[in-house]
Amino acid sequence: MRSAKDFFRPLAVGAPTPLTQVPARPSRVIHFFDPSNPKMAAKVPGLVGTVDVLLGNLEDAVKADRKEAARAGLVEIARATDFGQSTQLWTRINALDSPWALDDLTTLVTEIGDTLDVVMVPKVQGAEDIHYVDRLLAQLEAKAGLTRPILVHAILETARGMVNVEEICGASPRMQGLSLGPADLAADRRMKTTRVGGGHPGYLVRTDPVDGDVQGERATAQQDLWHYTIARMVDACAMHGIYPYYGPFGDIQDVVACEDQFRNAFLLGCVGTWSLHPVQIEIAKRVFSPSAQDVAHARRVVAAMGDGTGAVMLDGRMEDDASLKQCLVIVELAERLSQTDPALAELYAATTVPEEG
Ligand SMILES: CC(=O)SCCNC(=O)CCNC(=O)[C@H](O)C(C)(C)COP(=O)(O)OP(=O)(O)OC[C@H]1O[C@@H](n2cnc3c(N)ncnc32)[C@H](O)[C@@H]1OP(=O)(O)O
Ligand SMILES: O=CC(=O)O
Ligand SMILES: [Mg+2]
């Protein structure tokens with residue numbers, strides 16, 4: 001463990017000074033594309049400004065014989081594209097034990113490090129993986145003469161990573177956030193699912209039998225396979241001042257269940273999610289932006305609470321400093337999103353939206 005005094009010192013001579021706070025830039029939607037796929041690559045310029053993050057994926061979903069092409073394609077795209085103020089460029093490198101990870105980092109940081117905001121590291125097992133990436137990034141940043149540190153995002157997709165989640169979040173000042181990787185995590189845990197994220201009809205609870213009739217009609221409700229994992233991830237991220245994200249939802253056609261999964265994550269504290277296909281972009285942006293009704297209500301509570309102490313009644317409900325703090329989360333998020341999203345700015349400006357119920 002590093003001393004608190006050393007924690008914010010660069011890990012290589014000439015590397016940029018680590019940040020003490022993760023920049024609070026909108027990242028509701030992290031849109032994945034394969035830089036070796038010409039059709040997807042051609043769509044990147046058109047996606048700038050419509051998504052918060054464009055992520056050039058080099059890992060799973062890129063065929064083994066296309067890994068070098070994907071890396072080179074990402075360099076080309078990063079150089080040719082103006083990402084503007086509202087879209088960040090991230091990458092997901094290959095796993096640290098793969099034949100490609102070292103070249104991914106070496107090439108990307110030295111060639112396009114000034115354009116790259118965040119490196120997503122898959123299959124992180126513990127703090128040691130983050131320490132390795134941390135030092136290597138510092139050496140490469142120094143070599144490339146970068147003045148701004150590249151941040152690190154870990155995917156939570158192994159049982160060991162889950163057990164070590166708190167130490168992963170706190171392993172480096174570079175840590176920007178965590179995403180849930182439900183597909184790899186399910187495999188690593190030996191869960192009996194065959195899907196990329198989402199629920200399962202077999203994971204349910206059933207009401208008790210009436211008059212002992214076990215064969216009689218009994219209501220069932222499907223349960224959330226990911227509740228424990230997401231909640232644990234959110235706590236670890238909040239404790240360390242970094243951001244939690246849901247990950248992939250593989251049933252591209254089931255936009256309804258996709259929206260449900262995203263909303264559960266949003267309500268539990270996640271700030272964003274991945275989109276794998278253009279159809280998921282709008283869903284993610286809508287779900288991870290608070291509704292106009294919630295913003296209007298939160299502003300009313302803030303106004304009613306005055307100096308923030310004591311208790312007041314509003315529409316028959318008690319409000320005090322704890323509900324005020326929740327409302328401030330919504331108001332601050334709305335204000336931050338309004339800075340980069342003119343449509344939301346206009347929506348939130350109209351605070352006269354009638355409240356539900
Ligand atoms: C478990 C994990 O690791 S998840 C993360 C890794 N997985 C990924 O990144 C998957 C990314 N997405 C994809 O590979 C694709 O969207 C697929 C394979 C799921 C579906 O692709 P397709 O069958 O081509 O979908 P579809 O025909 O609906 O595509 C419509 C158009 O959108 C394009 N498109 C599809 N996905 C994307 C994308 N992620 N970004 C940009 N454009 C895309 C297609 O190229 C196609 O273009 P065209 O109109 O010029 O022909
Ligand atoms: O990488 C994502 C996953 O679900 O696995
Ligand atoms: Mg994975």
Side-chain angles (χ1 to χ4, degrees), residues 29-64 66-67 69-71 73-74 77 81 83 87 89-98 100-101 104 118-125 129 153-162 165 168 177-191 193-200 225-226 229-230 233 244-255 258 261-262 265 270 272-285:
V29 50
I30 304 169
H31 183 73
F32 274 56
F33 68 94
D34 173 354
S36 77
N37 178 321
K39 273 188 175 176
M40 284 195 206
K43 291 195 169 48
V44 167
L47 289 168
V48 170
T50 72
V51 295
D52 300 321
V53 176
L54 275 161
L55 181 144
N57 176 36
L58 308 183
E59 201 224 7
D60 293 355
V62 175
K63 288 182 85 64
R66 301 291 294 160
K67 295 290 186 185
R71 190 190 300 136
L74 182 56
I77 289 166
T81 311
F83 291 92
T87 300
L89 178 67
W90 294 16
T91 187
R92 177 170 81 168
I93 60 166
N94 286 287
L96 297 177
D97 61 357
S98 75
W100 306 289
D104 290 345
V118 175
V119 170
M120 186 182 273
V121 184
K123 301 175 178 75
V124 170
Q125 300 274 16
D129 288 340
H153 181 113
I155 311 181
L156 204 52
E157 52 183 352
T158 67
R160 185 147 84 80
M162 274 307 299
V165 63
I168 291 170
L178 291 185
S179 285
L180 170 67
D184 272 301
L185 183 56
D188 198 57
R189 280 175 170 167
R190 305 188 69 73
M191 289 167 66
T193 50
T194 55
R195 303 166 172 212
V196 175
H200 192 288
L225 279 173
W226 303 109
T229 312
I230 295 177
M233 176 178 78
Y245 299 78
Y246 180 73
F249 190 88
D251 192 341
I252 307 292
Q253 287 185 357
D254 192 351
V255 290
C258 175
Q261 179 72 73
F262 288 179
C270 290
T273 187
W274 303 1
S275 80
L276 304 182
H277 184 281
V279 77
Q280 295 183 336
I281 293 174
E282 188 276 330
I283 304 171
K285 279 170 76 172

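For reference, positions follow the sequence shown, starting with 1. Numbering of ligands and ligand atoms starts at 1, following listing order.
- Between Phe33 and Lys43 there is no side-chain heavy-atom pair separated by less than 4.5 Å.
- Of the protein's heavy atoms, at least one falls inside 4.0 Å of atom 28 (O) of ligand 1.
- Neither the backbone nor the side chain of Glu157 comes within 4.0 Å of ligand 1, counting heavy atoms alone.
- Under the 4.5 Å side-chain criterion, counting only non-hydrogen atoms from C-beta, Arg92 is in contact with Asp60.
- With no hydrogens or angles considered, no side-chain donor-acceptor pair links Asn57 and Asp34 at under 3.5 Å.
- Interface atoms of ligand 1 facing His31, defined by a heavy-atom separation under 4.0 Å, are 38 (C), 39 (N), 40 (N), 41 (C).
- Inside a 4.0 Å radius of atom 23 (O) of ligand 1 there is not any protein heavy atom.
- In terms of polar-atom proximity, defined here as any N/O pair under 3.5 Å, Asp60 makes no such contact with ligand 1.
- Residues Val124 and Ile155 form no side-chain contact, since every pair of their non-hydrogen atoms from C-beta on lies 4.5 Å or further apart.
- You'll find the side chain of Val121 stays beyond 4.5 Å of the side chain of Asp129, heavy atoms only.
- Within a 4.0 Å radius of atom 44 (C) of ligand 1, the protein contributes no heavy atom.
- Proximity to Ala61 (heavy-atom distance under 4.0 Å) selects the following atoms of ligand 1: 6 (C), 7 (N), 8 (C).
- Between Trp90 and His153, the two ring planes are tilted [angle within 30° to 60°].
- Remark: ligand 1 atoms within the under-4.0 Å shell around heavy atoms of Asn57 are 6 (C), 9 (O).
- At least one N or O atom of Phe32, backbone or side chain, sits closer than 3.5 Å to an N or O atom of ligand 1.
- Counting backbone and side-chain atoms alike, Asp184 contributes an N/O/S atom closer than 2.8 Å to the Mg ion (ligand 3).
- Remark: Leu156 CG to Ile168 CD1 distance equals 6.5 Å, nearest 0.5 Å.
- Protein heavy atoms come within 4.0 Å of atom 15 (C) of ligand 1.
- When the options Arg92, Gln253, His277 are ranked by their closest heavy atom to atom 3 (O) of ligand 1, first place goes to Arg92.
- In this structure, CE on Met120 lies 4.5 Å from CD1 on Ile30, to the nearest 0.5 angstrom.
- Within a 4.0 Å radius of atom 51 (O) of ligand 1, the protein contributes one or more non-hydrogen atoms.
- With ligand atoms numbered from 1 in the order given, ligand 1 contributes 4 (S), 5 (C), 11 (C), 12 (N), 13 (C), 16 (O), 36 (N), 38 (C), 39 (N) to contacts under 4.0 Å with heavy atoms of Leu276.
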- Task: Check the pair Ser275, His31 against side chain to side chain donor-acceptor pair (under 3.5 Å), reporting the backbone distance first and the verdict last.
- Result: CA-CA 5 Å; Ser275 80; His31 183 73; 2.5 Å; yes
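- With Thr87 contributing its side chain and Gly49 its backbone, the two residues share a donor-acceptor pair below 3.5 Å.
- In this structure, atom 36 (N) of ligand 1 lies nearest to the protein heavy atom Pro278 CD, 3.5 Å.
- The distance from the Mg ion (ligand 3) to the nearest N/O/S atom of Glu59 is not under 2.8 Å.
- The shortest heavy-atom distance from Asp34 to ligand 1 is not under 4.0 Å.
- With atom 19 (C) of ligand 1 as the reference point, the heavy atom nearest to it among Ile252, Val196, Val44 is part of Ile252.
- Proximity of Glu59 to ligand 1, defined as any heavy-atom pair under 4.0 Å, is not found for any part of the residue.
- The minimum distance between the Mg ion (ligand 3) and any N, O or S atom of Glu157 involves atom OE1.
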- Task: Show the numbers, then the answer: is there a side chain to side chain donor-acceptor pair (under 3.5 Å) between Arg189 and Thr229?
- Result: CA-CA 12 Å; Arg189 280 175 170 167; Thr229 312; 3.1 Å; yes
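- Within the 4.0 angstrom cut-off, atom 47 (O) of ligand 1 has one or more protein heavy-atom neighbours.
- No side-chain heavy atom of Arg195 sits less than 4.5 Å from a side-chain heavy atom of Asp251.
- Geometrically, ligand 1 and Lys39 share a nitrogen or oxygen pair separated by less than 3.5 Å.
- Listed as neighbours of ligand 2 are Arg92, Glu157, Gly181, Pro182, Ala183, Asp184, Pro248, Trp274, each bearing a heavy atom under 4.0 Å from the ligand.
- Under the 4.5 Å side-chain criterion, counting only non-hydrogen atoms from C-beta, Ile283 is in contact with Phe262.
- No side-chain donor-acceptor contact under 3.5 Å links Trp274 to the backbone of Val29.
- Arg71 CZ to Ile93 CD1: the interatomic distance, rounded to the nearest 0.5 Å, is 10.5 Å.
- For Lys123 and Asp184, the salt-bridge test passes: some basic side-chain N is under 4.0 Å from an acidic carboxylate O.
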